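Take a look at the structure set out below.
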Amino acid sequence: MSSRRSVKENPLVVFLKSAGGLLREIMKYNMGRVGLVILAFMIIMSIYSIATLPGDFPSKWRHATEPPWIYNPKMAKPEWVRSLGIDASKTSIYSNLRPQESRIILVLEDIGRIAPEYVKALGMKKLSPFGYVEVYRVNYNLDVNDYVQDVLIIFEVKASENVNLSRIKMNVLTLLTRPDGLVLEISEGAFTLDKVRPVKIDHGVFSLQYIDYFKLNVTLEEMKSVYYIAVFGEPRAGGREFTPLLGEYQVTLILSYIGIDPREIARMFGEGSLKVNVEIRVLGNSCGLLGTDNLGRDLFLGVLFGFPVALTIGFLVALATVMIGLVLGVVSGYFGGRVDEVIQRLVDVIVNVPLLPLLILVGVSIQTRGWAGWPAMAILMLIIVIFSWGGVAIVTRSMALSIKSEQYVEAAKAIGASTSRIVFRHIIPQLIPYTMAVLVFSVPGAIIAEAGLSVLGIDHGLPTWGRVLADAQANRGIAYNMWWWILPPGLLLGLFSFAFVALGFTLETIVEPRLRRR
Amino acid sequence: MKPLLKVEELKVWFPIRKGLIDVLFGKMEYVRAVDGVSFTVGDRETFCLVGESGCGKTTTARAIMMLVDKSDVKGGRALFKPHDEALGEVAKIQPDAVVDGEYIDLYKTRGYANKIVRREIQMIFQDPFGSINPRMSVYDIVEEPLIVHGIGSREERIEIVAKALEAVKLVPPEEFMVRYPHQLSGGQRQRVSVARALTLNPRLLLADEPVSMLDVSIRAEVLNVLEELKKTRGMSIMFITHDIALARYICNRIAVMYLGKIVEMADSDTIIEKPLHPYTRALINAVPDVVPENRLRLREVPIKGEVPSAVRIPAGCRFRPRCVAYDSNPWVQEYCVKEEPGLIEVEKGHYVACWIPIKKKL
Ligand SMILES: Nc1ncnc2c1ncn2[C@@H]1O[C@H](COP(=O)(O)OP(=O)(O)OP(=O)(O)O)[C@@H](O)[C@H]1O
Ligand code: SF4
Ligand SMILES: [Mg+2]
């Protein structure tokens with residue numbers, strides 16, 4: 001009788017079937033659909049986040065004054081605001097650049113063949129006449145009424161072991177050809193290849209030339225405070241005011257390698273035993289999908305990291321809370337007597353302990369110990385779990401009390417079923433629908449609490465939505481009108497909560513048919 | 001042949017929650033649901049417990065099943081004679097529960113010994129809606145006793161469950177196994193709980209109004225099933241019903257219960273044909289007549305008043321406030337008022353608790 005074998009199905013199949021049935025049931029309700037769509041979005045973003053962000057991302061985020069963040073524009077608006085007609089210069093990153101030209105310079109005049117604008121504008125006074133020279137050129141179009149924060153040049157040196165980098169020196173010279181024809185020397189640098197540094201616009205380099213060219217009546221000291229406005233702007237009122245100079249700019253980067261025989265350097269570049277990757281970044285006032293914060297951190301990445309954190313922490317805390325409450329509540333209700341008494345007193349205590357002050361206390365002591373990241377977060381969440389299961393326990397206790405006197409529980413006793421069988425097979429399954437609804441409802445709780453703590457100044461060191469919001473608040477993001485810093489994490493927090501409230505209501509309607517609207 | 005079950009002076013009193021004052025002054029009141037009941041159920045016998053609603057039939061059965069709180073059992077005991085193997089096992093782990101070398105005092109068993117005797121006594125519960133778990137499939141419900149007692153492999157259990165369902169006419173069993181209680185009619189649920197009680201092949205079956213929810217045709221079928229099982233498996237049945245006509249049809253002996261006590265007990269034919277207790281007579285007279293025009297005639301039902309509360313049981317004979325024989329027999333009144341009649345064997349196998357037959361006999 002094969003059909004008799006099928007009366008008991010594989011538990012996994014049963015679970016998948018009932019989960020599928022539940023999903024279909026939820027989809028019947030508008031609220032449920034909305035909740036599911038948001039949840040699906042959160043899950044997709046979480047997967048994307050886990051797949052793309054490196055494992056050490058939290059520590060990177062914490063070290064805000066280190067690469068990669070310092071290579072970004074600060075307080076930059078999201079890129080897409082440009083298409084809304086907002087004047088924000090774009091950020092252009094030119095990486096994996098190959099030199100337009102390179103040449104071994106043995107005769108002084110040779111430089112003019114590869115960088116004529118240099119010769120024309122400045123003469124050869126600063127460049128070493130002898131060496132291996134590379135010239136990079138990139139174009140940048142300033143198309144809106146805005147300035148550019150900086151022009152940053154980043155080097156990455158790769159060499160095989162037998163190359164002695166400390167003997168090779170690199171001279172860096174950056175020229176900016178402006179739409180008005182002025183070729184401005186904006187930065188320079190000189191270092192050996194074992195100690196390369198990023199190079200930024202240097203007012204000391206361009207100020208004199210600039211003042212000369214425009215015949216301004218300002219001091220060098222005054223130029224200091226307006227340097228990036230000056231570079232991409234036209235002076236007005238003798239240099240007291242500026243307006244952006246729109247148009248096509250060209251950045252010319254001249255690198256000359258000296259210190260050893262230039263033919264030797266050319267050979268090393270040729271055979272690949274020495275590689276210098278050059279990246280030119282024109283840092284505008286817009287950058288990335290969600291802009292940057294005051295330290296140049298890419299807010300999209302910060303917010304992206306918040307997705308899996310919100311989901312996992314929300315679920316884990318809710319699950320732990322509900323499970324503890326369920327088990328202790330049922331044990332309390334079913335066994336009664338002294339066990340009940342002990343558990344109920346415990347519930348009295350934890351329900352009446354004010355959670356927020358306690359969390360602040362623990363949070364501060366975590367901070368003073370210098371703990372940060374997942375361990376700090378885990379401790380805070382543990383506190384939340386420990387002090388949150390009381391409500392569930394109270395309800396499941398009373399439900400267990402009433403189920404305990406059901407006839408089918410008596411019938412189970414009559415066939416000789418053990419206490420644990422009665423609890424796990426007959427009582428807890430009746431509570432699952434209720435617990436599911438509570439679970440879903442309480443998922444956002446932990447994340448909201450975490451956000452509250454962050455805003456109150458407790459730093460657990462993980463980039464979460466709450467943490468990003470707290471940074472915005474601490475750094476006067478509101479005062480600077482940096483809506484792109486505040487709105488995304490704030491809205492996501494709200495959306496997250498809304499999704500679970502919507503799902504919770506739907507589940508409640510499903511498991512408690514009396515609430516059903518027709 | 002020694003009886004399978006001996007119930008001796010069993011008392012089950014449920015305490016009533018009272019106000020603080022009563023608790024402080026130690027005044028406790030009780031619902032005396034079962035108030036000193038003695039009877040036996042013989043081997044392969046069908047024994048009937050008959051009585052109106054609230055007289056304590058279910059409580060008696062629950063007490064035998066050890067389902068009432070031990071603290072509510074205020075006296076008496078229930079002795080059960082299991083088969084020798086089980087008796088040996090209980091004797092080994094809990095010798096103090098063994099009485100007379102043959103019986104087990106049910107209320108003294110604990111733990112594993114308790115489980116051993118439970119396997120041999122099963123009960124069909126009165127309420128087919130409440131007594132099966134709404135979240136379990138029919139298969140899971142009927143299989144559960146087998147799992148609890150570790151009987152059979154999975155395949156064997158499926159066979160046993162299928163047979164049990166066939167026995168209660170839930171056919172084809174495959175179709176019913178996968179159903180849930182809400183997909184069953186009341187009668188089908190009742191039969192599921194019958195099937196559950198049968199899977200363990202018990203020696204004693206307590207059937208608490210097992211056919212009250214069934215329509216006449218299925219009722220006969222289920223009763224036949226029970227009768228057949230009794231014959232083929234050598235089962236004894238304690239059958240609870242409020243329907244004395246039904247009791248006569250299926251029982252060897254009948255005990256009539258009133259307000260927590262047995263008032264008359266005899267062979268079923270004897271009790272129907274020669275009832276001695278005024279309450280038994282009233283019960284028999286209350287049976288509706290099969291002839292329709294007779295039903296319309298006002299029949300004299302020899303009883304008066306309402307059932308008193310089981311909390312304040314009348315002094316003397318507890319049936320006195322409703323007794324018509326008391327009114328028509330002035331000579332017996334002094335006894336009725338003064339003292340409660342015991343359950344006396346007035347003829348061979350015919351027990352009655354009424355002063356009239358007792359005094360006449362003396
Ligand atoms: N757990 C309990 N606590 C308190 N009183 C109870 C309890 N169980 C039963 N009683 C009371 O004991 C009395 C007998 O109840 P029982 O269920 O045994 O009656 P019954 O003869 O089975 O009636 P029915 O034919 O209606 O099923 C009733 O008065 C009932 O109210
Ligand atoms: S003892 Fe008296 S009151 Fe009781 S049943 Fe008999 S006649 Fe009636
Ligand atoms: Mg009953």
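Chain naming here is simple, since letters A, B, ... match the order of the sequence lines and numbering starts at 1 in each. None of these values were measured; they are calculated from a predicted model. Values reported hereafter were calculated over all heavy atoms of this structure, with side chains retained and with hydrogens, waters and symmetry mates removed.
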If contact means a heavy atom pair closer than 4.5 Å, which residues of residues 429-451 of chain A contact chain B? A:P429, A:Q430, A:P433

Taking a cut-off of under 4.5 angstrom between non-hydrogen atoms, the residues of residues 389-424 of chain A near chain B are A:Q407, A:Y408, A:E410, A:A411, A:K413, A:A414, A:I415, A:G416, A:A417, A:R421

Within the supplied structure, the quantity of interest is the number of heavy atoms (other residues, nucleotides, ligands) at a distance under 6.0 Å from A:M323 CE; does it exceed 12? no

So does A:R24 have more than 12 non-hydrogen atoms from other groups sitting under 6.0 Å from CZ? no

Please identify each residue that fulfils side chain to side chain contact (heavy atoms under 4.5 Å, CB included) with B:A78, with sequence neighbours left out. B:L106

Select one option (side chain, backbone, both, neither) describing which atoms of [X] are under 4.5 Å from chain A's heavy atoms.
X      : value
B:M66  : neither
B:M65  : side chain
B:R196 : side chain
B:L67  : both
B:E144 : both

Residue from B:Q126, B:H149, B:M123, B:R62 scoring the most non-hydrogen pairs under 4.5 Å with chain A is B:R62

Mind checking whether B:N133 and A:R425 have side chains closer than 4.5 Å, heavy atoms only? no

In chain order, what residues pass the disulfide bond (SG atoms under 2.5 Å apart) check against B:C55, with sequence neighbours excluded? none

